[in-house]
**Q** 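Quick one: structure below, then a few questions.
Below, all heavy atoms of this structure are taken into account, side chains as well, without hydrogens, waters or symmetry copies.
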Number of protein chains: 2
Amino acid sequence: MSEFHYNPHISVDCVIFGFDDEKINILLIKRKQEGENVYALPGDLVQKGEDLDVAAARVLFELTSLENLYLEQFKTFGSPERTSDPVDVEWIKSIREHPEARVITVAYNSLVKTEDFDYRPSSFAEEVLWHPIEKPQKLGFDHNEIANTGWAMLREKIKREPVIAFSLLPEKFTLRQLQTLYEAIVGQELDKRNFRKRMLRNRFLVPMNEKETGVSHKPAQYYRFDDLVYKEEFAKDQWFLF
Amino acid sequence: MSEFHYNPHISVDCVIFGFDDEKINILLIKRKQEGENVYALPGDLVQKGEDLDVAAARVLFELTSLENLYLEQFKTFGSPERTSDPVDVEWIKSIREHPEARVITVAYNSLVKTEDFDYRPSSFAEEVLWHPIEKPQKLGFDHNEIANTGWAMLREKIKREPVIAFSLLPEKFTLRQLQTLYEAIVGQELDKRNFRKRMLRNRFLVPMNEKETGVSHKPAQYYRFDDLVYKEEFAKDQWFLF
DNA sequence: CAAAGATAGTGTAATGTGTACACTTACCCA
DNA sequence: TGGGTAAGTGTACACATTACACTATCTTTG
């Protein structure tokens with residue numbers, strides 16, 4: 001796809017969250033410049049006539065082969081200086097015709113089930129990796145600010161609408177996985193009995209006819225998230241808050 | 001200021017909220033086109049080298065002469081079709097050199113104390129008016145979508161961070177005014193005693209040595225909002241939720 | 001095959017929070 | 001001075017949150 005198809009002034013960047021049964025990670029791409037590694041968020045210029053949400057979904061699809069992911073625009077970054085670091089300018093020169101142009105970027109949060117994820121090389125990513133959100137990592141452009149803002153927005157949002165957390169879990173999961181996920185998000189340990197009590201009164205959490213196998217302790221019940229029950233009964237209510 | 005100074009691809013639009021002791025209004029501008037009135041949100045193209053937040057503050061200042069208003073970016077609208085209604089195209093032609101350009105707009109919510117407000121004519125507004133947020137009004141471009149989204153975001157935000165409501169009230173106010181404001185925002189009546197009980201346990205709400213005068217009933221105590229006390233003691237806590 | 005190791009799974013009592021509800025007070029005005 | 005009007009006040013009940021310790025069930029190993 002030639003640059004002719006792109007709007008050189010607008011890009012999208014994606015903060016893609018995944019959960020590895022222990023902590024929250026974000027997906028970074030690595031670009032190679034003269035031996036030094038520079039990490040960045042996946043993103044791309046918006047194409048001419050392309051809607052913003054579509055552009056973000058396209059970036060995600062090119063990277064993960066996944067469609068219909070949880071995707072939410074959270075903020076637009078437009079500082080005139082945001083792409084003027086010399087290292088970044090050099091990188092832009094290597095891939096675009098108008099490196100001097102001011103680019104405003106619309107940032108999106110996305111949630112993926114790690115089990116579904118199988119990344120493939122893409123036009124803008126030489127290498128892709130999961131990076132723990134809590135571990136500092138210098139990123140190119142203003143991507144540190146973007147990632148930090150996205151993470152803060154996600155934590156706020158999940159308090160208000162905890163159901164989006166299920167986008168980070170496999171189809172079947174144990175209550176222990178669910179609790180670990182919430183602990184990773186709110187950043188503190190939660191009481192097991194109270195957590196279960198609150199969760200299990202939500203009817204959209206349905207037990208499956210299946211238990212863990214191959215574990216050297218009492219096997220856990222598998223549950224699934226029933227989207228229909230949620231929409232029918234809980235859509236308007238706030239069902240619990242931390 | 002000539003168009004030379006503007007970035008023809010990015011604009012800001014402001015949803016400006018005010019409270020008239022009864023209901024919430026938003027500030028609209030009226031443009032005159034061949035006798036028919038078309039209403040729109042105040043907004044403008046972003047200038048070259050101008051930060052987005054600065055552009056929004058500039059639009060507000062040009063319209064209200066007020067600075068340091070509550071101002072929060074809430075969403076960016078970038079549908080390729082958003083400025084293609086014939087009536088809007090005609091309007092754009094009359095004020096800009098490149099009417100065909102795709103313009104992406106960054107939308108901001110703003111809160112003003114109506115008492116401070118004294119609008120003046122500006123380059124983009126022939127006439128300015130307060131319009132009740134609950135009363136339907138067709139707006140140009142995609143401004144209905146923008147205003148509705150802004151209102152929804154404000155209502156959500158104020159549940160999480162109720163303190164921003166004080167940006168809509170005068171320096172001194174009664175608890176009745178405060179309650180009416182909350183009722184306008186949440187869209188339902190609240191119990192007087194419970195409302196007071198919850199409010200008065202917040203130490204940043206401080207009674208003044210002053211009461212209402214000239215009312216034909218028991219005069220109400222005036223209160224003020226103490227920003228310092230709020231920041232010191234309540235910044236990290238959620239102090240109440242509806 | 002029995003015991004040890006590991007995590008799943010369970011209930012209750014105390015405290016705190018939200019909700020519903022009706023009368024008295026203080027001022028103005030006629 | 002009495003009537004009109006909105007301000008201001010407290011209590012009882014229901015519900016939600018919190019703190020906390022033992023038993024159940026599986027695998028592994030000696």
**Q** Any chance the rings of A/Phe195 and A/Tyr182 have centres within less than 6.0 Å?
**A** yes
**Q** Check the distance between C/dG18's P and B/Leu190's CG and give it to me in whole angstrom.
**A** 13 Å
**Q** B/Arg198 has an atom CZ; how far is it from atom P of C/dT17, in whole Å?
**A** 13 Å
**Q** Looking at A/Glu115 and A/Lys172, does any basic side-chain N land under 4.0 Å from a carboxylate oxygen?
**A**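 Here A/Glu115 does not pair with A/Lys172 in a salt bridge, since their nearest N and O are not under 4.0 Å apart.
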**Q** If I take atom CG in residue B/Asp191 and atom C1' in nucleotide C/dG18, what distance separates them, rounded to the nearest angstrom?
**A** 10 Å
**Q** Detail all sub-3.5 Å separations between protein N/O atoms and N/O atoms belonging to nucleotides 6-9 of chain D.
**A**
from	atom 1	to	atom 2	distance (Å)
D/dA7	O4'	B/Lys218	O	3.3
D/dA7	N7	B/Lys192	NZ	3.4
D/dG8	OP1	B/Gln221	N	2.7
D/dG8	OP2	B/Arg196	NH1	3.4
D/dG8	OP2	B/Arg196	NH2	2.8
D/dG8	N7	B/Lys192	NZ	2.8
D/dG8	O6	B/Lys192	NZ	3.4

**Q** Does the ring of B/Phe141 carry B/Arg31 above it, NZ/CZ under 6.0 angstrom from centre and within 45° of its axis?
**A**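 Because its charged atom sits under 6.0 Å from the ring centre and within 45° of the axis, B/Arg31 does stack over B/Phe141.
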**Q** Let me know the distance between CZ of A/Phe195 and P of C/dG9, rounded to the nearest Å.
**A** 13 Å
**Q** Please check if the number of heavy atoms outside B/Glu210 that lie under 6.0 Å from its CD is greater than 12.
**A** yes
**Q** Can you confirm if the aromatic rings of B/Phe166 and B/Phe173 lie within a centre distance of less than 6.0 Å?
**A** yes
**Q** Are A/Lys23 and A/Glu183 ion-paired here, with the side-chain N under 4.0 Å from a carboxylate O?
**A**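 No.
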**Q** Is A/Glu171 salt-bridged to A/Arg224, going by a charged N under 4.0 Å from an acidic O?
**A** no
**Q** Rounded to the nearest angstrom, tell me the gap between atom CD in B/Gln188 and atom P in C/dA20.
**A**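 Distance, rounded to whole Å: 10 Å.
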**Q** Could you measure the distance from the OG atom of B/Ser110 to the CG atom of B/Leu69? Nearest 0.5 Å is fine.
**A**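 Interatomic distance, B/Ser110 OG to B/Leu69 CG, rounded to 0.5 Å: 4.5 Å.
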**Q** Angle, rounded to 10°, between the helical axes spanning five pairs at each terminus of the helix from C/dC1-D/dG30 to C/dA30-D/dT1?
**A**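 Computed from the C1' atoms at both ends, the axes differ by 10°.
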**Q** In terms of the nearest nucleotide of DNA chain D, which residue is placed more toward the 5' end: A/Gly214 or A/Asn194?
**A** A/Asn194
**Q** Per the atom types in the model, does the base of C/dT12 pair as donor or acceptor with the side chain of A/Lys197 at under 3.5 Å?
**A**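 Checked by distance alone, the answer is yes.
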